[in-house]
Asker: 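Structure provided below as structure tokens; questions to follow.
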Amino acid sequence: MAIMPHDPYVLVTGGAGYIGSHTVELLLRRGYRPVVFDNFSTGHRALLLNDDWIQGDLRELESIRGALQKYPFQSVLHFASHCYVGESMDDPPKYFFDNLTQALNLLRAMLEFRIPHFVLSSTCSVYGHPQQVPIPETHPVAPTNPYGESKRMIERILEWYDRADRIRFVSLRYFNAAGAHPSGRLGELHDPEPHLIPRVLQVAAGIRPFVEIHGEDYPTADGTCIRDYVHVVDLAEAHLLALQRLQRTGQTGIFNLGTGKGYSVKEVIRAAQKITGREIPCRSGLRRPGDPSDLVADPTRAERDLDWVPRHSTLESILETAWNFLKVPRRRQEREG
Ligand SMILES: NC(=O)c1ccc[n+]([C@@H]2O[C@H](COP(=O)([O-])OP(=O)(O)OC[C@H]3O[C@@H](n4cnc5c(N)ncnc54)[C@H](O)[C@@H]3O)[C@@H](O)[C@H]2O)c1
């Protein structure tokens with residue numbers, strides 16, 4: 001049985017989403033009382049794991065105030081956000097207005113209720129086009145899209161709140177989240193799905209006709225973009241470690257979450273063909289504006305200061321769990337007729 005943590009109540013904004021739901025699952029197993037706050041705009045009731053959830057919208061201050069007064073929270077994990085690079089290029093106001101309003105409302109309500117600890121879902125998009133790879137946290141930040149810029153702005157707001165002794169925070173800069181829970185119960189359910197691995201697997205499953213490769217003329221060995229894929233279960237573990245560090249030391253910090261190893265688009269497709277045993281037809285497409293050729297983390301700081309070990313983040317494990325998750329509803333559909 002898990003030992004009851006000292007401050008078990010944790011607010012999880014966006015806990016009905018992909019990464020948030022995996023983190024809730026881990027928190028529950030470790031004896032915490034996570035309470036999900038979600039407007040279900042991109043999240044799913046099917047990903048909720050217990051009855052501690054509140055339907056609310058962070059863009060409304062009263063909504064988040066109401067949630068914070070119900071439980072004795074000491075910590076918040078903030079996943080809720082718009083999170084697509086491409087969409088942010090088409091609609092910057094959506095990303096700046098909503099992502100910032102949500103964070104500001106949440107921080108304001110946290111100060112009112114004297115909640116000191118905040119963990120932010122940040123992103124490698126804050127670095128823009130890297131000057132060196134692997135990318136350490138000390139690399140200059142220069143986002144090339146409104147999504148990354150909105151996350152960097154939230155980090156900067158947090159840095160000022162920290163300086164004023166109002167909030168202690170951990171910002172986790174994820175590289176490419178991927179994979180699914182080994183149980184097959186939780187996984188990625190974005191609609192439309194912007195991420196490579198689920199799209200590739202949807203082609204393998206016959207849900208999509210082909211994978212479009214966005215650019216084959218990058219300065220990489222096979223001409224396609226290289227990304228650092230980190231298993232969502234390892235991301236959940238990093239959130240728990242970040243929370244424990246905040247509760248134990250009250251120390252603010254920024255950490256990359258990646259493996260230090262990158263795979264090209266073509267390598268991912270080949271590995272997916274092997275794991276699924278299916279043909280995955282591809283078509284050549286145009287480069288996407290603002291896509292850097294190579295994004296790979298230097299995860300040394302998280303490994304050293306959080307004791308984080310990304311145990312699940314081999315490409316095989318990522319593809320196998322994501323494939324397993326994709327097949328579950330199909331199996332159910334088949335059973336139901
Ligand atoms: N998926 C990735 O590869 C990746 C990479 C880097 C960073 N991130 C960050 O991780 C976080 C989670 O990403 P995800 O892939 O799980 O996304 P997701 O869309 O699956 O989850 C986001 C959740 O937030 C909720 N939400 C959105 N706006 C809200 C609002 N105004 N009020 C309340 N709830 C709201 C949604 O309903 C959803 O449940 C995001 O902040 C994202 O920017 C994701």
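Whatever order the structure lists them in is the order used to number ligands and atoms, beginning at 1.
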Asker: side-chain hydrogen bond (donor to acceptor under 3.5 Å, both in side chains) with T252: which residues, sequence neighbours excluded?
Answerer: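 Once residues adjacent in sequence are excluded, the partners of T252 under the side-chain hydrogen bond (donor to acceptor under 3.5 Å, both in side chains) criterion are D162.
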Asker: Once side-chain hydrogen bond (donor to acceptor under 3.5 Å, both in side chains) is applied, do any residues pair with E112, and if so which ones, sequence neighbours excluded?
Answerer: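 E112: side-chain hydrogen bond (donor to acceptor under 3.5 Å, both in side chains) contacts with R65.
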Asker: Ligand 1: which residues have a non-hydrogen atom closer than 4.0 Å?
Answerer: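 Contacting ligand 1 under 4.0 Å are G14, A16, G17, Y18, I19, D38, N39, F40, S41, T42, G43, G56, D57, L58, R59, F79, A80, S81, C83, Q102, S121, S122, T123, Y147, K151, Y174, F175, A177, H190, H195.
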Asker: Does the pair R208/E193 count as a salt bridge with the N-to-O cut at 4.0 Å?
Answerer: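 Answer for the salt bridge query: no.
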Asker: I want to check something: taking the side chain as every heavy atom from C-beta on, are K274 and L319 in contact at a cut-off of under 4.5 Å?
Answerer: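 Result no, sub-4.5 Å side-chain heavy-atom pair not found.
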Asker: Once side-chain hydrogen bond (donor to acceptor under 3.5 Å, both in side chains) is applied, what residue pairs with a partner in residues 310-319 remain, sequence neighbours excluded?
Answerer: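 Qualifying pairs, neighbours excluded: D234-S313.
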Asker: Does the gap between the ring centers of H195 and Y229 come in under 6.0 Å?
Answerer: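 Here the rings of Y229 and H195 have centres that are no less than 6.0 Å from each other.
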